[in-house]
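To start, the structure itself, in structure tokens.
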Amino acid sequence: MQLHNTATGRKELFVPQDPQRITMYVCGPTVYSYAHIGNARPAVVFDVLARLLRRQYPRVDYARNITDIDDKINAAAARESVEIGVITSRYVAAYHEDLAALGVAPADFEPRVTEHIPQIIAMIERLIASGHAYAAENHVLFSVPSYPDYGQLSRRDPRELLAGARVEVAPYKKDPGDFVLWKPSPPELPGWDSPPSWGCGRGRPGWHIECSAMAEALLGDTIDIHGGGHDLIFPHHENERAQSTCAHGGAVFARYWLHNGFLTMDSEKMSKSIGNVLLVREILKVAPGEAVRLALLTGHYRQPLDWNDEAIADARRKLDRLYGALRDTADVAPATTFKAPQAFIAALEDDINTPAALAELFELARSLNKAETVEDKARLRAQLLDGGELLGLLQQDPAAWFSHSTAASSVSNDEIDTLVAQRAEAKKVRNFAEADRIRDALKAQGILIEDSAQGTRWRSTN
RNA sequence: GGCUCGGUGGCAGAGUGGUGAUGCAGGGGACUGCAAAUCCCCGUACGUCGGUUCAAUUCCGGCCCGAGCCUCCA
């Protein structure tokens, strides 16, 4: 398998540190509100990677964290006058619902910051002891000059960062590039006592140290794959790398860094100031989760992806085609000894090339539509279903896909069946005008009628 | 200003130093009462200017345009 490594800027052969246990860490959400469609992209992309790895290695330990202590969480809790746990548990639940709707399998570990405070404190202690961190004015800061490799991941020169810095440098920083590992919490906000030797009192961890500590706790000093959004390369991942490497005596932190490209809304950056933030749960009201997932896999994960109405409509039509082939051969049981073809696997192994993999799926669908023997159908069905499983698609009953209705439908399935039966009667007596009238009436409700050799069937376009 | 990543046919989107993926849309045909679905066939493409090469959309360089990052951000 080849993976594009941000650290080197090129595709590299993936060689696990221990083939018996693959370790992967992906930065998850800060749970202060509902997930937007941009948040969903890394979850889906790395879900596909996890599925592929699980096929190829006996054990995959995949951790995707939850950041459940943060300024924005505090602010949300203050607005509602509740404990932060009320806020975080609400949005963790919502996150799980959204991911489930998108067919994202649970990660093996979902560590939360508030459950790893001792590990975080211990890591900070080690950084202080080794001269890579220092306490100042109730903060503990990482000393960037103590780590000469700083900036290598994001290809930034620490000295030039200062020129572009758009935030005022706090006076207690020894070096302007130093970043916070621990910061004070006032009494009214959540916090934990820090070791007396720091002289910092009550506080809470900085953002970057959380991921370093949780990755270490669950996956070890050196992990195989670290993933996240492109925007996290700097400063988040650069800082994680600095902390972990220094806390581990120079051991490599992540051997392969993977970053997904950004998602734009109608070619514009998604941001609250523009007001074009689209929540996953809003999209799910008007489109099936599976179509959302396919839309996210339509482009290569490292490319920018533009989200618009046409993108989701396109994904639905693609699924119509794939499920159509499965529906039309539903009488044949898949020959499950057959797995996804090599060309499909090769596409995914080529830096998770989902567009190329999808193209193979469409080739299979065409072959399946043309297949004449039961043997061919059984094999092609199995191959198509297996490829779909790796992408997290095509796992529902085709009939369910075609009868789906995300919006409140004005006609019930029973009513549709009744009308279809009436139309069949009309056709039988060659009353085509009546038959067409019924068909047009259903079409107006978003129900498309299709006559086939096996009888009439219908599907919803809502 | 620095650093990344892009500009492919009507749209989306892979890929490749030389026989032009894939899906949607479009044209023609088969099938159908008519449709739909399905199958067969068919256009239209690689931002721009140079360079390397027998040959470049593919490699190199300049330019133009776009997206992201530069200490909240997937």
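Reminder, nothing fancy here: chain letters follow the sequence lines and each chain counts from 1.
- No engagement by A:I37 is indicated, since no non-hydrogen atom pair under 4.0 Å with the nucleic acid exists.
- The C1' atoms of B:C41 and B:C5 are separated by 39 Å, rounded to the nearest whole Å.
- When each of A:H230, A:R302, A:H226, A:H259 is tested with A:T6 by the rule side-chain hydrogen bond (donor to acceptor under 3.5 Å, both in side chains), just one qualifies, namely A:H259.
- Between the C1' atoms of B:C46 and B:A56, the separation comes to 11 Å (whole Å).
- When each of A:D314 and A:E310 is assigned the nucleotide of RNA chain B with its nearest heavy atom, A:E310 is the one assigned upstream, toward the 5' end.
- Toward the 5' end of RNA chain B, the nearer of the two residues A:C27 and A:A359, judged by each one's closest nucleotide, is A:A359.
- The C1' atoms of B:C63 and B:G43 are separated by 33 Å, rounded to the nearest whole Å.
- Here the separation of B:G9 from B:G15, taken at their P atoms, is 16 Å to the nearest Å.
- Here, B:A14 and B:G7 have their P atoms 9 Å apart, quoted to the whole Å.
- Here the closest non-hydrogen pair linking A:L393 and A:L358 is CD1-CD2, 4.2 Å.
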Legend entry - Protein-to-nucleotide contact annotation, 5' to 3' order, nucleotides 31-44 of chain B [B base; S sugar-phosphate only; - none; under 4.0 Å, heavy atom]: --BBBBSSSS----

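- Across all strands shown, B:C11 pairs with B:G23; the Watson-Crick or G-U wobble distances both stay below 3.5 Å.
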Report, one pair per line, the protein and nucleotides 13-15 of chain B atoms (nitrogen or oxygen only) whose separation is under 3.5 Å.
residue: B:A14; atom: OP1; partner: A:H300; partner atom: N; Å: 2.6
residue: B:A14; atom: O3'; partner: A:N353; partner atom: ND2; Å: 3.0
residue: B:A14; atom: O2'; partner: A:N353; partner atom: ND2; Å: 3.4
residue: B:G15; atom: OP1; partner: A:N353; partner atom: ND2; Å: 3.1

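- Base pairing analysis places B:U71 opposite nothing; no Watson-Crick or G-U wobble pair with both distances below 3.5 Å involves it.
- When each of A:R241, A:Q243, A:H236 is checked for a side-chain hydrogen bond (donor to acceptor under 3.5 Å, both in side chains) with A:H208, only A:H236 meets the rule.
- Judged by ring centres under 5.5 Å apart and planes tilted less than 30 degrees, A:F262 stacks against the six-membered base ring of B:A74.
- A centroid separation of 6.0 Å or more is found between the aromatic rings of A:F109 and A:Y62.
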